[in-house]
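Input: a single structure, listed below in structure tokens.
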There are 2 protein chains.
Amino acid sequence: MSLPHAILIALTEKSGSGLDLARRFGKSIGYFWPATHQQIYRDLARLEAAGLIASEAQPGARGGKRLYRVLPAGLAELRRWVPLGEDGPPLRDALMVRLRGEAALGPTGLAATLHDRIAEHERKLAEYRAIKARDFGGAPSSRADALRGLILDGGIRNEAGWIELLREALRILESDETGPEVLRRPLKPGA
Amino acid sequence: MSLPHAILIALTEKSGSGLDLARRFGKSIGYFWPATHQQIYRDLARLEAAGLIASEAQPGARGGKRLYRVLPAGLAELRRWVPLGEDGPPLRDALMVRLRGEAALGPTGLAATLHDRIAEHERKLAEYRAIKARDFGGAPSSRADALRGLILDGGIRNEAGWIELLREALRILESDETGPEVLRRPLKPGA
DNA sequence: CATAACATGTAATGAGTTACATGATTAA
DNA sequence: TTAATCATGTAACTCATTACATGTTATG
């Protein structure tokens, strides 16, 4: 239930339209709280109905574009919500289920999937590192910059951790596949 | 949509009743694919309707206890599913949203929440390490053990990574709170 | 004017969460 | 026989996802 508050924070940082927000979610807050434009429009309507934000139509723009901004009541709600405690989100990753399945069933050909997943994490890692180098290169100039840099570090460490773990998984699978069990599975065409 | 397959894997490892599974989910597969007993009963019924598992009532047991076991079709479905690829799950953590809110709004009193969250991760870390020491103490005796130990390592590294990150966040917040902005907020009673 | 791109929104589906409900067995 | 516990199951709600739908402005 954090999406309305994530939207409030994004609007606090900079006013914008629904699609503006959807695009910004794609490359900032969306890294740790993803949302589609449908969710964002729905919650923008709710936030406006609750009196936390206000909007006005933009006459010169195409589509029925509306500019949303945070009202004082919205800032007050944010100040109330930000320090609240809650449990951490449960870890839920199907790849761990698959690895456990591999453990239970024996070789099933999971290595190719692991390679793909490692590549995905490497791509994200490179993306985050590029942002870090571009926007947080030197010493943080403010408390807010230090916090935002830290959040980005969280993403970087997360990706790096997965890469490390999945490479170890590959070592287990591949040492096995080149070992005594090599004949249990057909060879892949490209290998 | 991995829960039915997680159930199949759990039943492959050992047959059991719905509540057996719910309990085992609480301390094994549930660490990376949590599920409540309601979800498990629902999917057990679906899996049985699909012909992947079978059950028989246990006359001597209390309640309408049923023992579920995997059918050959269920094993075949697992062999099909395990190596399938998919995107990694999106990272979605409200605490990162709160940290970003703290960055946008200034001090809001998030430190206490961070302490709680760090304690939660430390508790899980100790729990996972105890399991590791108990069940995976020496060199892995089999491929399956190596994989299961690796999955557990994933949980351990994840918790340790969060602890490290959140401690850095605390340093940023607390160095700030004892610095020039100390007078902006009331002191906490216990501090 | 036809088309593409922009901007907002609706509908259907499925999963997860929480609270509650039902039936059977053991134990006081 | 009453209460507690075990075991299974229903119901209502919210959220996320996907596909689709509507209207507007710029471009050729």
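Everything quoted here is computed from the prediction, not taken from an experiment. Within every chain, numbering begins at 1; the chains are lettered A, B, ... in the order of the sequence lines, protein sequences first and strands thereafter.
- Proximity of A/E77 to A/H5: side-chain heavy atoms (C-beta onward) are separated by under 4.5 Å at one or more points.
- Note: CG (B/L44) to P (D/dA7) measures 14 Å, nearest angstrom.
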Throw together a table of side-chain donor-acceptor distances under 3.5 angstrom for residues 45-56 of chain B, partners on residues two or more places apart or in other chains.
residue, atom, partner, partner atom, Å
B/R46, NH1, B/D43, OD1, 3.3
B/E48, OE1, B/S55, OG, 3.3
B/E48, OE2, B/S55, N, 3.1
B/E48, OE2, B/S55, OG, 2.8
B/S55, OG, B/R66, NE, 3.0
B/S55, OG, B/R66, NH2, 3.2

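- Residues A/L21 and A/L44 are in side-chain contact: their nearest non-hydrogen atoms beyond the backbone lie under 4.5 Å apart.
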Distances under 3.5 Å between protein N/O atoms and the N/O atoms of nucleotides 15-21 of chain C, please, pair by pair.
residue, atom, partner, partner atom, Å
C/dG16, OP2, B/Q39, NE2, 2.8
C/dG16, O5', B/Q39, NE2, 3.3
C/dA19, N6, B/Q38, NE2, 2.5

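- Residues of residues 8-20 of chain A that place a heavy atom closer than 4.0 Å to DNA chain C, in numerical order, are A/S17, A/G18, A/L19.
- When only modelled atom types and interatomic distance are considered, B/D20 and B/S17 share a side-chain donor-acceptor pair under 3.5 Å.
- With sequence neighbours left out, the side-chain hydrogen bond (donor to acceptor under 3.5 Å, both in side chains) criterion links B/R117 to B/D93, B/H121.
- Atom pair A/R23:CZ and C/dA7:C1' shows a separation of 9 Å (rounding to whole Å applied).
- Between B/E48 atom CD and D/dT8 atom C1' there is a gap of 13 Å when expressed in whole angstrom units.
- A/L21 has its CG atom 13 Å from the C1' atom of C/dA7, to the nearest Å.
- Remark: A/D135 pairs with no residue by the side-chain hydrogen bond (donor to acceptor under 3.5 Å, both in side chains) rule, at least two apart or across chains.
- Here the side chain of B/E120 pairs a donor or acceptor atom with the backbone of A/G88 at under 3.5 angstrom.
- Across the protein-nucleic acid pair, B/L67 atom CG and D/dT8 atom C1' stand 15 Å apart, rounded to whole Å.
- The separation between B/Y41 atom OH and D/dA11 atom C1' is 17 Å, rounded to whole Å.
- Rounded to whole Å, atom P of C/dT8 lies 14 Å from atom CZ of A/F25.
- Pairs of residues two or more places apart, or lying in two chains, that qualify as ring pair (Phe, Tyr, Trp, His ring centres under 6.0 Å) and include a residue from residues 36-66 of chain B are B/H37-B/Y41.
- Summarising the geometry, the separation between NZ on A/K65 and C1' on C/dA5 is reported as 13 Å, rounded to the nearest angstrom.
- A/I118 is listed as a side-chain neighbour of A/E122, based on a closest heavy-atom distance under 4.5 Å.
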